[in-house]
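One is the number of the first residue; the rest follow in order along the sequence.
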Amino acid sequence: MAETRPSHPETAELRAAVADWASGGPGEPARELAMEHGVRTAVLLEGLSDLAAVEALAARRGRDLAAEGVCVVPMGGAMSVGRYAGLLGPPGLGLRLTGLCDQRERGYYERGLTRAGASSHDRFFVCVADLEDELIRALGAARVEDIVRAAGDLRAWTTFQSQPAHRGRPPEQQLRRFLGTKKGRKIRYGRLLVDALHPDQTPSPLHDLFTTL
């Protein structure tokens with residue numbers, strides 16, 4: 001299973017320009033790049049693990065999102081959605097907005113999109129806990145444990161399970177917590193879990209997102 005996929009250079013350049021703009025930098029570089037590459041839709045995601053999963057599913061489905069005018073943007077947290085929606089949506093670049101959010105962060109998204117004047121065509125799809133939880137439940141704990149073993153993380157996983165704080169918890173909860181215990185692990189498994197999905201196992205929020213792109 002592939003663990004890395006090169007992004008289009010122009011996509012990475014646009015993401016960097018948008019991130020700089022969101023941090024208080026100039027907006028003109030992002031505006032020029034979006035126009036140059038015909039970007040029509042921005043997919044707003046909370047972080048890099050969600051980005052890895054979306055890019056992996058696009059690759060599996062033979063979708064070239066950049067060529068389709070879609071830019072996938074990790075925001076670095078749900079509380080940034082108002083800022084990014086304002087920059088990329090109607091008040092800024094005028095792009096159609098879509099993306100994923102966690103149930104507990106839904107209020108941030110609703111308020112941010114309302115402030116940005118998002119239209120009825122701007123739809124976000126809600127994960128119960130987060131995207132990792134959706135993927136683990138779709139695959140089943142036993143299959144995810146096989147993926148952990150194949151990825152060379154069996155020792156770390158068994159050590160994690162033996163810790164008193166995690167004993168007795170359902171394996172799905174243990175796996176979700178395990179993925180967040182080491183920097184970069186959620187990003188890596190965002191790709192690996194998507195690569196392991198059968199076509200009919202794609203979690204609803206992720207499937208529904210792709211049907212709108």
Looking only at heavy atoms, which two atoms of [X] and [Y] are closest? And how far apart?
X	Y	answer
Val43	Gly99	CG1-CA, 3.9 Å
Pro74	Leu51	CG-CD2, 4.0 Å
Leu139	Ala196	CD2-O, 3.7 Å
Pro91	Ala85	CD-O, 4.2 Å

Would a distance-only check, ignoring hydrogens and angles, find a side-chain to backbone donor-acceptor pair under 3.5 Å from [X] to [Y]?
X	Y	answer
Arg60	Leu197	yes
Arg188	Ala151	yes
Thr158	Leu154	yes

Gap between atom [atom2] of [Y] and atom [atom1] of [X] - 0.5 Å precision:
X	Y	atom1	atom2	value
Arg111	Thr114	CZ	OG1	9.5 Å
Ile187	Leu192	CD1	CG	12.0 Å
Cys127	Asp133	SG	CG	8.0 Å
Arg15	Cys71	CZ	SG	6.0 Å

### Query
For Leu33, what are the other residues in its hydrophobic cluster, where any two members join if their side-chain heavy atoms are less than 4.5 angstrom apart?
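When side chains under 4.5 Å apart are linked, the cluster holding Leu33 also contains Leu14, Val18, Trp21, Val39, Leu44, Val73, Met75, Met79, Val81, Tyr84, Leu87, Leu88, Leu93, Leu95, Leu97, Tyr108, Tyr109, Leu113, Phe124.
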### Query
Going by side-chain heavy atoms closer than 4.5 Å, which hydrophobic residues are tied to Val126, directly or by a chain of links?
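Reading the cluster by chain and number, Val126 sits alone, since nothing else belongs.
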Note, [X] side chain near [Y] side chain (heavy atom, < 4.5 Å):
X	Y	result
Glu145	Trp157	yes
Val128	Arg137	yes
Arg149	Asp146	yes
Phe125	Thr98	yes

Pairs under 3.5 angstrom only: tabulate donor-acceptor contacts from the side chains of residues 176-184 to other protein residues two or more places apart or in another chain.
from: Arg176; atom 1: NE; to: Asp130; atom 2: OD1; distance (Å): 3.2
from: Arg176; atom 1: NE; to: Asp130; atom 2: OD2; distance (Å): 3.0
from: Arg176; atom 1: NH2; to: Asp130; atom 2: OD2; distance (Å): 3.2
from: Thr181; atom 1: OG1; to: Phe178; atom 2: O; distance (Å): 2.7
from: Thr181; atom 1: OG1; to: Arg185; atom 2: NH1; distance (Å): 2.6

Atom pairs and distances, side-chain donor-acceptor, residues 199-213, under 3.5 Å, sequence neighbours left out:
from: Gln201; atom 1: OE1; to: His198; atom 2: N; distance (Å): 2.8
from: Gln201; atom 1: NE2; to: Ala138; atom 2: O; distance (Å): 3.4
from: Thr202; atom 1: OG1; to: Pro199; atom 2: O; distance (Å): 3.4
from: Thr211; atom 1: OG1; to: Asp208; atom 2: O; distance (Å): 2.6
from: Thr212; atom 1: OG1; to: Leu209; atom 2: O; distance (Å): 2.7

### Message
Between Arg106 and Glu110 (salt bridge meaning N to carboxylate O under 4.0 Å), is one present in this structure?
### Response
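Judged by the 4.0 Å cut-off on N to carboxylate O distance, Arg106 and Glu110 do form a salt bridge.
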### Task
Any salt bridge (Lys or Arg N to Asp or Glu O under 4.0 Å) involving residues 81-103? Give me the pairs, sequence neighbours left out, ordered by first then second residue.
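Salt bridge (Lys or Arg N to Asp or Glu O under 4.0 Å) check on residues 81-103 returns Asp102-Arg104.
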#### Entry: Over 12 non-hydrogen atoms of neighbours within 6.0 angstrom of CZ in Arg61
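Enclosed: over 12 neighbouring heavy atoms sit under 6.0 Å from CZ of Arg61.
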### Task
List the steps and the verdict of side-chain contact (heavy atoms from CB on, under 4.5 Å) for Arg63 and Leu57.
CA-CA 8 Å; Arg63 299 281 299 271; Leu57 186 58; over 6 Å; no
Could you tabulate the donor-acceptor pairs under 3.5 Å formed by side-chain atoms of residues 162-175, not counting sequence neighbours?
from: Ser162; atom 1: OG; to: Thr159; atom 2: O; distance (Å): 2.7
from: Gln163; atom 1: OE1; to: His166; atom 2: NE2; distance (Å): 3.4
from: Arg167; atom 1: NE; to: Ser162; atom 2: O; distance (Å): 2.8
from: Arg167; atom 1: NH2; to: Ser162; atom 2: O; distance (Å): 2.8
from: Gln174; atom 1: OE1; to: Gln161; atom 2: NE2; distance (Å): 3.3
from: Gln174; atom 1: NE2; to: His166; atom 2: O; distance (Å): 2.7

